[in-house]
Amino acid sequence: MRYLSTRGHADRKQFCEILLEGLAPDGGLYLPESYPQLDAARLQALRQVWQSRGYAGLAFEVLSLYIDDIPAADLKALCEKTYTEAVFGTPQIVPLKPLQAAGHARPEMFLEALSNGPTLAFKDMAMQLLGNLFEYELARRGEELNILGATSGDTGSAAEYAMRGKAGVRVFMTSPNGRMSPFQQAQMFSLLDENIHNIAIDGVFDDCQDIVKAVSNDLDFKRQYKIGTVNSINWARLLAQVVYYFAGYFQATQSNDQKVSFTVPSGNFGNVCAGHVARMMGLPIDRLVVATNENDVLDEFFRTGVYRVRGTADTHETSSPSMDISKASNFERFVFDLLERDGDQTKAIFGEGLSRQGFFDLSGDPRFAQAATTYGFDSGRSTHADRLQTIQQVFAAYGMMIDTHTADGVKVAKEHLNPQVPMIVLETALPIKFASTIVEALGREPVRPPQFEGIEQLPKRVQVMPADVAQIKSYIAQHCD
Ligand SMILES: *Cc1c(COP(=O)(O)O)cnc(C)c1O
């Protein structure tokens with residue numbers, strides 16, 4: 001398997017070459033040259049793997065279709081080390097939870113539990129594997145990597161929990177001082193591992209991102225200190241997410257003649273793009289429903305064919321904050337497929353065109369008109385009021401507390417139900433992470449998993465610093481030997 005850039009660059013690379021890279025040299029995103037196709041026999045074999053060898057076995061089989069530069073025995077060991085009951089809380093790793101009222105023959109829908117990893121959000125599903133892949137590949141090369149990131153919550157803590165204690169990797173994670181939820185701060189800052197550096201910046205999230213950009217743009221510094229990232233455009237993260245679409249499908253169906261639909265709470269389009277990849281491989285997915293919050297860049301595109309990047313003033317701070325985006329950084333991958341993999345056209349609309357105009361318009365393109373049929377996409381949006389109401393309804397009808405992002409998914413899923421096709425909503429976080437909105441909706445505190453009792457009282461390790469690039473650089477330099 002070789003990987004290409006969505007912007008048409010001539011290079012073809014192997015998996016481990018792009019594992020530690022961000023963008024392709026032409027600014028595009030990496031995708032496999034083609035999606036491996038699963039015929040009926042292979043899909044049946046995967047169902048049997050799921051039944052006999054569970055999630056780790058399934059992950060190994062799916063990843064093997066895309067990774068041919070890690071020996072099979074090593075890849076298998078990496079999957080088995082990553083997807084354990086000890087780390088993800090259940091033997092199934094991603095169990096389905098039916099939303100089914102008493103006296104009803106069928107569930108209204110299912111939640112697929114992706115949020116029982118160390119940081120209680122679905123990003124652990126991919127990041128835990130990435131931590132083990134990084135450690136493996138860096139050791140093989142005899143190299144080191146210093147991950148520099150900016151976070152407003154979920155990504156940073158998932159990265160830190162994945163990289164803690166890993167040989168060859170250090171994490172320098174900036175976050176806006178005092179602006180994450182108390183639970184999220186406690187999660188991150190209570191990590192005392194020597195290779196994890198929490199840097200609380202006096203400023204807002206944009207200041208943190210600007211610092212990361214400034215440091216990464218200093219190519220000499222970047223090379224000398226081996227600076228890398230783990231952001232959501234990383235292909236390995238996306239690939240790891242493909243696996244749970246298979247696991248969800250096998251749990252919701254008895255045979256491969258059946259179809260299911262998925263609704264995915266979406267921000268940067270990473271999660272649902274993994275669903276697109278699974279569908280392109282031949283997994284019998286009927287609809288892929290993209291659920292956004294008030295930041296509805298993606299819903300607007302699927303409704304109108306216009307992709308319009310939002311300015312800062314137009315980007316809302318919402319109660320599902322991990323979906324507060326101004327543009328969707330993985331969206332280019334889908335558009336490349338939609339444009340029948342025309343790298344020149346993808347480059348034209350996402351490169352200069354987008355920076356100059358702030359939007360592109362595919363409404364007149366017949367391929368856009370066909371997109372809902374060809375690729376199965378639907379979309380919808382949810383607001384704060386919808387979120388509260390959905391959290392209340394699910395609690396009243398099913399006795400289950402759901403988080404704000406998952407609530408956006410359930411709200412939009414309800415608008416796309418088909419009695420013939422089971423609907424699976426991806427549960428992207430647990431309610432404890434966003435306690436204040438749960439209290440607003442239900443008048444009571446969310447359930448706290450036992451291992452998180454009292455984490456606010458644990459000792460903290462965090463360095464508060466001004467939003468000053470030079471000082472951050474010198475902090476990194478000092479902590480790199
Ligand atoms: C990151 C995140 C999302 C959005 O996922 P994308 O892959 O960016 O679309 C949704 N919900 C939660 C809780 C998240 O952390």
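Note that the coordinates shown come from a computational prediction; the quantities given were computed from them, not determined experimentally. In listed order, ligands and their atoms are each counted from 1.
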Between Arg387 and Ser319, a side-chain donor and acceptor under 3.5 Å: yes
Lys433/Glu427 ion pair, N-O < 4.0 Å: no
Lys/Arg N to Asp/Glu carboxylate O, Arg367 vs Glu340, below 4.0 Å: yes
Cationic N near anionic O, under 4.0 Å, Glu33 to Lys13: no
Cation over ring face, Arg170 and Phe172, 6.0 Å, 45°: no
If you look at each N/O of ligand 1, which protein N/O atoms lie under 3.5 Å away, and at what distance?
unit_1	atom_1	unit_2	atom_2	d
ligand 1	7 (O)	Gly270	N	3.2
ligand 1	7 (O)	Asn271	N	2.9
ligand 1	8 (O)	Asn268	N	2.7
ligand 1	9 (O)	Gly267	N	2.8
ligand 1	9 (O)	Asn268	N	3.3
ligand 1	9 (O)	Phe269	N	3.1
ligand 1	11 (N)	Thr428	OG1	3.0
ligand 1	15 (O)	Lys123	NZ	2.5
ligand 1	15 (O)	Asp154	OD2	2.5

Aromatic plane relationship, Phe301 with Phe368 - under 30° parallel, 30 to 60° tilted, over 60° perpendicular: perpendicular
